[in-house]
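As a basis for the values below, the full set of heavy atoms in this structure was taken, side chains included, without hydrogen atoms, waters or symmetry mates.
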Amino acid sequence: MGLVVQKYGGTSVKDAQRVNNVAARIVEAYDAGNNVVVAVSAQGDTTDDLIEKAKEINENASKREMDMLLATGEQISIALLAMAIEKLGRPVVSLTVWQAGFMCDTNYSAARINKINTQRIQNELDRRRIVIVAGFQGINKYDDITTLGRGGSDTSAVALAAALGADICEIYTDVDGVYTADPRFVKNAKKLDDISYDEMLELASLGANVLHNRSVEMAKKYHVKLAVKSSLTREEGTYVKEVDQVEKMLVRGVTRDNDCARVALCGVEDTPGKAYTIFSLLSKKNIGVDLIIQSIGRSGKKDISFTVAEGDLPAVLQILDDNRDTIKADEIVSTTEVSKVSIVGAGMVNNAGVATTMFEALYNAHININMIATSEIKISVLVDRKDAERAVVAIHDKFMLD
Ligand code: ASP
Ligand code: MG
């Protein structure tokens, strides 16, 4: 008998009709002879609405209480979905993560799963029940409820698949797979049949909003075969697998990430230890820095610029200001009017022409590049935000149509 883990996102269960639709799909997999474990997200915009509710009461609520609140969204979903399956006459049980044995660390609002004690789930499966587990939630060693971070239900599903040794983990969402670019503004974007873990991980981290990047990390580590599918159609979807099992493509996808801001420290002394001083101040406050460039020194001075998540910008500027006597920059300037545009593809390793082709596409579209970063399987450029969508289209056309 096969074991299938399925995950349904918020849009897939947003109202009664959608819940019934999902219940029917689950029953289909069950009737085909599989054991079925499902992780489900909060309905529609529930999580955002709960955050709004919290803000009305306390803008600075503790992460512990926020987790207590946000975890309720998923508890609503599991009960409703189980009721819908009951109505279809199949044996089913809904479980919170407490009952399902999800042991997490104590990082409230961004908890990591350490272990799943699968005994209860296993017992339910042995009785041929369909098991519906609350996504996104965790339990820590203080018996507190935590959450895994926004979009974390994907990770709940992959963790279940890994712990239970599932044959496949199907992630159901409102798009029918992973595309070569965002189909909302790239008309000729194509759905991918498959993609490697590393490529998917890069795409997820670079702004393709299909999978929680930690879920991909975990799938790779535990060799969980993932499928991204639509809950509304019967399309095949995209499979995420080991790199030697996927078709090689020079460029698998083009992404845009608007969640960035650039900070430039102009006229910093050109002496050893400057970069260390600046970036250790930021890392001490847990601020992640992405792209970095430093100019060649001239008359004893240099410029250092870097990007951070847009939401971190106020904190960064505060830190730099608090330490202006140590940093001693002539000027500090920042902007949020930038975006990171990236190409990803395992086939670009050792292919020197890929960067040139990307830059040529931007040149032809008269788009200026502010910063560049490369790794084995990706190249990112920072461009003005107003140019970002055009940049994606130009690069996508160049690689996919040529
Ligand atoms: N409901 C949570 C969120 O909206 C978790 C999830 O959807 O995966 O972030
Ligand atoms: Mg959600």
Side-chain angles (χ1 to χ4, degrees), residues 149-151 178-186 189 195 198-214 216-217 250-265 278-279 282-283 286-295 303-317 333-346 348 354-400:
R150 296 306 306 271
V178 182
Y179 277 74
T180 50
D182 190 334
R184 282 172 304 184
F185 62 87
V186 182
I195 184 169
D198 287 322
E199 290 170 321
M200 191 63 235
L201 197 52
E202 291 287 5
L203 287 184
S205 318
L206 293 170
N209 280 324
V210 247
L211 286 174
H212 195 222
N213 59 355
R214 219 185 283 158
V216 186
E217 238 168 61
L250 199 54
V251 172
R252 184 89 50 186
V254 187
T255 60
R256 164 201 65 170
D257 189 356
N258 283 343
D259 183 19
C260 47
R262 184 187 57 201
V263 180
L265 307 178
I278 295 162
F279 294 115
L282 301 180
S283 64
N286 260 325
I287 290 171
V289 173
D290 188 18
L291 310 180
I292 301 176
I293 49 169
Q294 177 176 312
S295 67
D303 303 332
I304 297 178
S305 0
F306 56 90
T307 64
V308 294
E310 191 169 339
D312 284 338
L313 184 62
V316 169
L317 295 177
V333 287
S334 67
T335 175
T336 57
E337 286 305 307
V338 288
S339 300
K340 187 168 65 167
V341 171
S342 312
I343 58 176
V344 173
M348 72 171 73
V354 182
T356 314
T357 307
M358 181 182 189
F359 302 156
E360 188 190 350
L362 293 170
Y363 166 65
N364 289 339
H366 303 287
I367 293 169
N368 193 38
I369 302 172
N370 297 319
M371 287 172 134
I372 302 171
T374 65
S375 80
E376 281 204 327
I377 66 164
K378 73 151 192 245
I379 302 172
S380 299
V381 296
L382 195 76
V383 299
D384 291 348
R385 191 164 297 180
K386 66 174 174 32
D387 295 331
E389 288 192 5
R390 261 191 337 114
V392 172
V393 171
I395 296 166
H396 186 267
D397 279 357
K398 185 100 192 142
F399 280 103
M400 305 296 169

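Not counting sequence neighbours, the partners of E199 by the side chain to side chain donor-acceptor pair (under 3.5 Å) test are S196, R252. Qualifying side chain to side chain donor-acceptor pair (under 3.5 Å) partners for D303, counting only residues two or more places apart in sequence or in other chains: none. By the ring-ring contact (aromatic ring centres under 6.0 Å, His included) test, F306 pairs with F279, sequence neighbours left out. In this view, N368 and N370 satisfy the side-chain contact (heavy atoms from CB on, under 4.5 Å) rule, not counting sequence neighbours. Shown here are the salt bridge (charged side-chain N to carboxylate O under 4.0 Å, His left out) partners of D384, two or more places apart in sequence or in another chain: K386. Partners of I369 according to the side-chain contact (heavy atoms from CB on, under 4.5 Å) rule, which considers only residues two or more places apart in sequence or in another chain, are F359, L362, I372, V381. Shown here are the side chain to side chain donor-acceptor pair (under 3.5 Å) partners of D257, two or more places apart in sequence or in another chain: there are none. E389 meets the side chain to side chain donor-acceptor pair (under 3.5 Å) test with R256; sequence neighbours excluded. Contacts of A394 classified as side-chain contact (heavy atoms from CB on, under 4.5 Å), with partners at least two apart in sequence or in another chain: A365. Listed by chain and number, the residues in a side-chain contact (heavy atoms from CB on, under 4.5 Å) with I287 are L282, K285, V308, D312, A315, V316, I319 (sequence neighbours excluded).
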May I have the list of side-chain donor-acceptor pairs in residues 334-346 shorter than 3.5 Å, sequence neighbours left out?
{"from": "T335", "atom 1": "OG1", "to": "E337", "atom 2": "N", "distance (Å)": "2.9"}
{"from": "S339", "atom 1": "OG", "to": "N258", "atom 2": "OD1", "distance (Å)": "2.6"}
{"from": "K340", "atom 1": "NZ", "to": "D290", "atom 2": "OD2", "distance (Å)": "2.5"}
{"from": "S342", "atom 1": "OG", "to": "S380", "atom 2": "OG", "distance (Å)": "2.9"}

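A 6.0 Å sphere centred on CZ of F185 holds more than 12 heavy atoms belonging to other residues, nucleotides or ligands.
Residues M371 and R262 meet the side-chain proximity criterion, which asks for heavy atoms closer than 4.5 Å.
When all heavy atoms are compared, the tightest approach of V254 to H396 is CG2-CA, 4.0 Å. When all heavy atoms of E202 and S375 are compared, the closest pair comes out as OE2-OG, 4.1 Å.
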